[in-house]
Each structure stands twice: as C-alpha cells, then as structure tokens.
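In this text, all values refer to a predicted model and were calculated from it rather than measured experimentally. Every chain is numbered from 1, with letters handed out A, B, ... down the list of sequences.
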Number of protein chains: 2
Amino acid sequence: MTRQRKIIKDIIYASYEHPTADAIFALAKKKMPSIAVGTVYRNLSLLVESGEVRKIDVPNSPSRYDRPQIPHEHLICKNCGKVADVGAIELIEVLKEKTGEDIIGYNLTMYYLCPKCKSLK
Amino acid sequence: MTRQRKIIKDIIYASYEHPTADAIFALAKKKMPSIAVGTVYRNLSLLVESGEVRKIDVPNSPSRYDRPQIPHEHLICKNCGKVADVGAIELIEVLKEKTGEDIIGYNLTMYYLCPKCKSLK
DNA sequence: TTGAAATTTAAGAATAGTTCCTACTCTTGA
DNA sequence: TCAAGAGTAGGAACTATTCTTAAATTTCAA
C-alpha cells in the first residue's frame, strides 16, 4: 500500500459521487501534485482486483469507482449520466415491475467460465 | 434503408456469434468492398436506435451486436470473452442462486431519468 | 547502516474503439 | 432531366486507457 494508492483509496471511500478515474486523478493531484494519470489507473486496477474498490462500467463513458458496500447496483440517468445507487431489495422490486414508469432500459452482463475454458483449467 | 444498412442488418440477423463492429465490417466488405468503417458504425447506431438491432456493451472490449429476440441476457466468459445467451427464465434462476458455482460476477446497469432531468422535460 | 535488487512511480507515447469531418456520390421527385 | 437532400467513403480526430522507460523509492540481507 504505497502513499499514492492510499490517497486514491481514501478519495473513493470519502466520495458519494462514484468518481471517474479523471475526477480521482484531479483530487489526488491536490494532495500530491506529482502523481500521474497512469499511476491512478494502475492503482485503481489493483484496488479493484483486491476487492477494496468496485468498478462500475458505464457504456460509452468513463468507468466510475465505488466503495464495496452492501450489495447494490446502479441507476444511470440517460440524460446527464449521473449514477445513483439502488439497494438489492429495491432492485428486485424494480426488476419485478419492469414495465415500470421510469426504467428506460438495462444492461445485465454476467461473468462465468464457458465450458471450453472451464475444461482447460 | 440503404444497401449498406441492409447488408449490415442481414449480417447480424444471420449470425449467432454476437459479432463485433469489426467483424461486421469484415463481412460487409466481402459483399461490398468499398464500404467504410464509419458507415458500419453509423448504421449500427441507427439500427440500434430504431430497435432493429440490439447492442451488447462489453466492458473493456468492443461492443457486440445481436438481433432483438425474446428477452434474453448475456453470459461472457471471463477467460476467452465468448458471449452466450441466457433466457429470461434461466436468468431468474441464475439470479436466485447467485451463490452459484460458475457465476464469477455480474454487472447490472439500469437506465432512467433522474428526478432533476425528469423535471426538465 | 549500507547498498544491491526489486518494486513502484512519473511522464508521456502508444493503442484501440469509436466518432467526426469533408468532399463526393447516389437517390428522389418535380 | 436535374436540383436538393440524404447517405457514403476515407481518413483524421478524439478519448479513455494501457504500455514503456528511466528514475525514484522501498526492502531487507549483510
């Protein structure tokens, strides 16, 4: 846990804005003006891999980063791109009434090992 | 519906491979050697917008395109990136037993209009 | 404490997917 | 037939992210 990595993690844990890599870089730069973009990206990957930080993939715009709380998913405004949280329980409600007034669409991707790859392990 | 657009649509409807824009371009080029990458992307957007084609956003790799069948979602192999279909019913099963053996993770994004944007409309 | 090896970093070049721009071509309909 | 509008080809431009390289920092055995 280098100083740079600590700063990056702290920024994410202190934020409720689901910041982008760019926003994190800007904030980190205030605390350590010498930090580089590459460092932010590399450390974000490491933090995601270790499970300390959660990555939110946003189609057609920069990924965002979040602290791993109790299970929750994300609502993205189609107009301004703002990301909101949805608790897992609400989520089930939302899925149930998918006809729902405000849900314009959704994108669900699950990850697994396909039979071929599984057999190779 | 231009000739180019027809070719692109036909390729997607004839494929079971969830082709990428690049793969579509390669196949389109066989039927019409003069076609340009930009044309493929532009027509894919138009087809998606009109609902004739469905776009699958794949984090960290090129988007894929699919025909809009009965509701189904996608399973992506974490190792080789292959995309498989999951029917909506299976899907509920999968979500139910989320502890499940093979599901490594998932990414759910829903789209809506946030209160602020909704009030502006 | 020293200093060599290993790790991490800064800086910016490179990459890849996608979009944008411009001039040209095709289609449409009067 | 021909002018206006729509669509296209080709490639430059853009943007988020990754890679590369040399320099800085950390680690840890001696």
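Both A/M32 and B/P62 lie close to DNA chain C; mapped to their nearest nucleotides by heavy-atom distance, the more 5′-ward contact belongs to A/M32.
Taking atom CG of B/N43 as the reference point, atom C1' of D/dA9 lies 12 Å away to the nearest angstrom. Regarding A/R64, its CZ atom lies at a distance of 16 Å from the C1' atom of D/dT17, rounded to whole Å. Spacing between atom OH of B/Y41 and atom C1' of D/dA12 amounts to 16 Å, rounded to whole angstrom units. As rounded to whole Å, 11 Å separates atom C1' of D/dT25 from atom CZ of A/R3. Between the CZ atom of B/F25 and the C1' atom of C/dT18 there is a distance of 13 Å, rounded to whole Å. Atom CG in B/N60 sits roughly 14 Å away from atom P in C/dA16 (whole-Å rounding). Atom CZ in B/R5 sits about 14 Å away from atom P in C/dT27, given to the nearest Å. Distance B/Q4 CD to D/dA6 P: 17 Å, rounded to the nearest Å.
Taking only side-chain nitrogens and oxygens, A/R42 never comes nearer than 4.0 Å to OP1 or OP2 of D/dT18.
A side-chain donor-acceptor contact under 3.5 Å links B/R67 to the backbone of B/S15. With B/R64 contributing its side chain and B/H18 its backbone, the two residues share a donor-acceptor pair below 3.5 Å.
Nucleic acid contact class of B/S63 (heavy atoms, under 4.0 Å, all strands): sugar-phosphate only. If you check every strand for non-hydrogen atoms under 4.0 Å, A/T39 touches a base.
Comparing C/dA10, C/dT8, D/dA16 by their closest approach to the side chain of A/I35 singles out C/dA10. Minimum atom distance to the side chain of B/T2 is reached by D/dG7, of the listed C/dT19, D/dG7, D/dT17. Closest approach to the A/A36 side chain among D/dT18, D/dG7, C/dA11 is made by C/dA11 (side chain taken as heavy atoms from C-beta onward).
A/L44 CG to A/S63 OG: the interatomic distance, rounded to the nearest 0.5 Å, is 9.5 Å.
If you chain together hydrophobic residues whose side chains sit under 4.5 Å apart, B/V58 and B/I12 never meet in one group.
Inspection of the A/S50 and A/E52 side chains reveals an N or O donor paired with an N or O acceptor under 3.5 Å.
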